[in-house]
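Following: one structure in structure tokens, then a few remarks.
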Amino acid sequence: MQLSSRGLKMARRSGVRAILEDIAVAARSGGSEEWINLSPGNPARIPDVEQVWQELAETAVAESFTAASSRYGPSRGMDRVVEAVVDHFSRRYGWPLTTENVTVGPGGQMLCFVAAALFAGDHASASRPVVLPSVPEYTGYQGLVQDSCGAVGVPPRIRLQGDRLFRYGIDMERLRRLPEIGMLLISNPSNPTGRALEPAELDHLIRVAEERGVPLIIDHAYGEPFPRVARTAVAPPFHANVVNCFTLSKAGLPGERVGFAIGPAEAIDPVVSFLSNSVLHASQSAQCLLESGLRSGRLEKLADAVIRPYYASKRRAAEQLLHELLPPSVDWRLHTADGGLFCWLWINHDWFDDLVLYERLKRRKVFVVPGRHFFVNPEDDGSLGGHATRCVRLSLSVEEPDLAEGVRRLAEELEVMSRAA
């Protein structure tokens with residue numbers, strides 16, 4: 001059987017999939033020494049979070065099992081769930097929402113895929129890509145477009161801060177020079193850096209979307225109003241050119257695959273049709289959990305009282321470990337962030353290569369994610385001078401003893417690589 005050109009693109013083995021397969025092989029291989037996995041995007045297991053969702057799930061099954069699981073429902077989402085989203089966001093942000101502004105889908109990534117299929121790709125007059133206004137950016141976005149135009153990542157501006165910190169900024173001039181844009185897509189806060197959009201940057205992105213007549217898709221998987229894994233500088237915007245995507249994945253339910261989008265009715269309606277033509281609708285049992293979390297107020301309380309403090313504490317611990325253990329002779333820098341699920345490290349040396357470090361750490365039974373996977377064209381990163389292959393992402397979802405041991409082995413390998421150079 002032969003795959004189509006779109007089939008070949010979608011069947012391509014991504015770098016992150018290769019890492020996941022490495023992890024699966026390691027898990028099957030056994031051995032006396034446990035692996036330290038600093039690579040996953042899974043949220044941490046937080047007992048208080050699991051307890052709340054288990055209680056809500058038990059209630060939902062008892063009260064809604066027949067309505068949710070034994071019959072089909074509307075592609076936009078169950079009426080009561082969509083109304084709960086409308087009520088919550090209208091009350092919290094003062095948005096003038098109706099049910100036509102909302103759709104529920106099987107996870108935030110699927111909603112982004114649907115948006116890319118609708119707005120990017122081959123148009124009558126041109127081929128218009130998904131544009132990532134600033135890379136590094138969530139690697140899953142690169143495979144969203146099935147047409148040849150694919151995704152375009154805009155290299156960032158890099159600002160050094162002190163001896164060991166740095167921060168990316170959006171290169172708005174470079175973004176404006178792009179000849180074609182199908183849609184703009186950005187995570188806020190960012191995966192992998194934890195960087196939050198600044199107010200002026202958000203305003204500028206909205207103006208670009210208005211001028212080009214395209215949607216700005218903002219993925220709030222780590223941000224406001226939940227799970228608040230990392231701090232954000234601005235609230236989600238309600239605007240005629242903005243579609244906001246939200247998910248419960250980082251709030252403790254990654255396996256349920258439920259998310260929702262809020263935006264102008266003329267953008268949301270084709271998303272509903274696409275869902276109807278593809279997956280029919282999101283899991284209704286998961287939708288009931290979303291409704292319960294919103295109506296009871298427990299979802300917001302989890303974000304405020306449990307999730308955000310947990311990751312803020314893990315981030316502080318990770319920063320301390322990095323400063324204590326990484327070799328002082330190595331020019332390493334950490335991207336600034338307030339909280340977040342990851343640490344984004346930049347090793348600023350010609351001798352450093354992210355894939356080499358990945359293989360060396362794998363031999364030490366530690367998994368990390370090479371930074372190049374978060375850049376669209378890592379070997380040709382424009383003005384960045386090889387930066388894309390000199391970064392690595394560390395997950396903070398492991399327990400602190402494992403995090404400390406993983407950082408210790410990372411430090412040892414950097415020392416060996418430095419001396420060899």
Side-chain angles (χ1 to χ4, degrees), residues 1-24 39-42 105-123 127-155 178 180-188 190-193 214-222 243 245 247 249-250 254-255 257 259 261 270-271 274-275 277-279 282 341-342 354-355 358 369-381 388-389 391 393 395:
M1 294 181 289
Q2 292 186 346
L3 295 174
S4 67
S5 59
R6 291 184 176 182
L8 289 169
K9 183 174 177 59
M10 296 304 294
R12 184 178 57 193
R13 189 170 182 260
S14 68
V16 171
R17 179 185 170 189
I19 294 172
L20 293 175
E21 290 176 354
D22 277 353
I23 294 171
S39 71
N42 276 326
Q109 180 152 338
M110 184 62 185
L111 289 169
C112 291
F113 175 82
V114 172
L118 292 169
F119 298 108
D122 294 336
H123 289 243
S127 187
R128 297 175 181 164
V130 167
V131 171
L132 312 179
S134 183
V135 289
E137 181 58 279
Y138 173 51
T139 184
Y141 296 156
Q142 296 178 35
L144 295 180
V145 183
Q146 300 175 64
D147 294 321
S148 59
C149 58
V152 171
V154 180
L178 292 177
E180 299 292 345
I181 299 175
M183 75 178 201
L184 299 167
L185 174 58
I186 195 165
S187 57
N188 185 42
S190 163
N191 172 5
T193 67
V214 300
L216 166 62
I217 313 296
I218 306 178
D219 185 349
H220 300 275
Y222 298 85
V243 175
C245 292
T247 176
S249 292
K250 301 307 184 287
R257 310 310 305 140
V271 174
F274 192 106
L275 293 172
N277 290 327
S278 55
V279 297
L341 194 62
F342 310 109
D354 57 342
L355 289 181
Y358 173 78
V369 182
R372 69 181 64 207
H373 298 314
F374 300 89
F375 292 82
V376 179
N377 294 304
E379 304 296 343
D380 181 19
D381 58 9
T389 60
C391 296
R393 193 191 75 177
S395 172

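Worth saying up front: this structure is predicted, and the values here are computed from it rather than measured.
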Measure the spacing between CG of Leu184 and CG of Leu132 and express it to the nearest 0.5 Å. 9.0 Å
Taking only distance into account, with no hydrogens and no angle test, what donor-acceptor pairs under 3.5 Å do side-chain atoms of residues 214-221 form with protein atoms, sequence neighbours excluded?
{"unit_1": "Asp219", "atom_1": "OD1", "unit_2": "Ala221", "atom_2": "N", "d": "3.1"}
{"unit_1": "Asp219", "atom_1": "OD2", "unit_2": "Tyr141", "atom_2": "OH", "d": "2.7"}
{"unit_1": "His220", "atom_1": "NE2", "unit_2": "Asn244", "atom_2": "OD1", "d": "2.7"}

Counting C-beta onward and ignoring hydrogens, is there a side-chain heavy-atom pair between Val145 and Pro129 closer than 4.5 Å? no
Heavy atoms only: give me the nearest Ser249-Pro254 pair and the separation to one decimal. O-CD, 3.3 Å
Can you pull the salt bridge (charged side-chain N to carboxylate O under 4.0 Å, His left out) pairs that have at least one residue in residues 105-117, sequence neighbours excluded? none
If you round to the nearest 0.5 Å, how far is SG of Cys245 from CG of Asn188? 12.5 Å
Please step through side-chain contact (heavy atoms from CB on, under 4.5 Å) for the pair Asn377 and Val152, ending with a clear verdict. CA-CA 9 Å; Asn377 294 304; Val152 171; over 6 Å; no
Sort and list the pairs that fulfil salt bridge (charged side-chain N to carboxylate O under 4.0 Å, His left out) and have at least one residue in residues 136-153, not counting sequence neighbours. Arg6-Asp147
Set of salt bridge (Lys or Arg N to Asp or Glu O under 4.0 Å) partners for Arg393, sequence neighbours left out: none
Would a 4.5 Å heavy-atom cut-off, applied to side chains only, mark Leu355 and Thr389 as touching? no
Residue set satisfying side chain to side chain donor-acceptor pair (under 3.5 Å) with Gln142, at least two apart, ordered chain then number -> none
His373 backbone acceptor or donor facing Thr139 side chain under 3.5 Å: yes
For Ser134, all residues meeting side chain to side chain donor-acceptor pair (under 3.5 Å), sequence neighbours excluded: none
Can you tell me how far NE2 of His123 sits from CZ of Arg128, rounded to the nearest 0.5 angstrom? 5.0 Å
How would you list, by chain and number, every residue that makes a side chain to side chain contact (heavy atoms under 4.5 Å, CB included) with Leu118, sequence neighbours excluded? Val114, Pro270, Val271, Phe274
Looking at every heavy atom in both Gly105 and Leu111, which two are closest together, and how far apart are they? CA-CD2, 4.0 Å
Smallest separation among heavy atoms of Ala282 and Pro106, with atom names: CB-N, 3.7 Å
For Gln109, what residues pass the side chain to side chain donor-acceptor pair (under 3.5 Å) criterion, not counting sequence neighbours? Tyr138
Name all residues meeting the side chain to side chain contact (heavy atoms under 4.5 Å, CB included) criterion together with Ser395; count only those two or more places apart in sequence or in a different chain, and write none if there are none. Pro40, Phe342, Ser397
Return the minimal non-hydrogen interatomic distance between Ala116 and Val130, and the atom names on each side. CB-CG2, 3.8 Å
Set of salt bridge (Lys or Arg N to Asp or Glu O under 4.0 Å) partners for Glu21, sequence neighbours left out: Arg13, Arg17
Hey, does Met110 have a side-chain heavy atom less than 4.5 Å from the side chain of Arg257? no
Got a sec, which residues hit side chain to side chain donor-acceptor pair (under 3.5 Å) with Asp122, two or more places apart in sequence or on another chain? Ser127
As an exercise, state the distance from CZ of Phe375 to CG of Asp354, rounded to the nearest 0.5 Å. 9.5 Å
Nearest 0.5 Å, please: how far is CE in Met183 from SG in Cys112? 6.0 Å
Write down the atom of Ser190, the atom of Ser187, and the distance for their closest heavy-atom approach. CA-OG, 3.3 Å
Test log, rule side-chain contact (heavy atoms from CB on, under 4.5 Å), inputs Tyr358 and Arg372: CA-CA 11 Å; Tyr358 173 78; Arg372 69 181 64 207; over 6 Å; no
Heavy-atom side-chain contact between Leu185 and Pro133 under 4.5 Å: no
Check whether any side-chain heavy atom of Leu341 lies under 4.5 Å from a side-chain heavy atom of Asn191, and answer yes or no. no
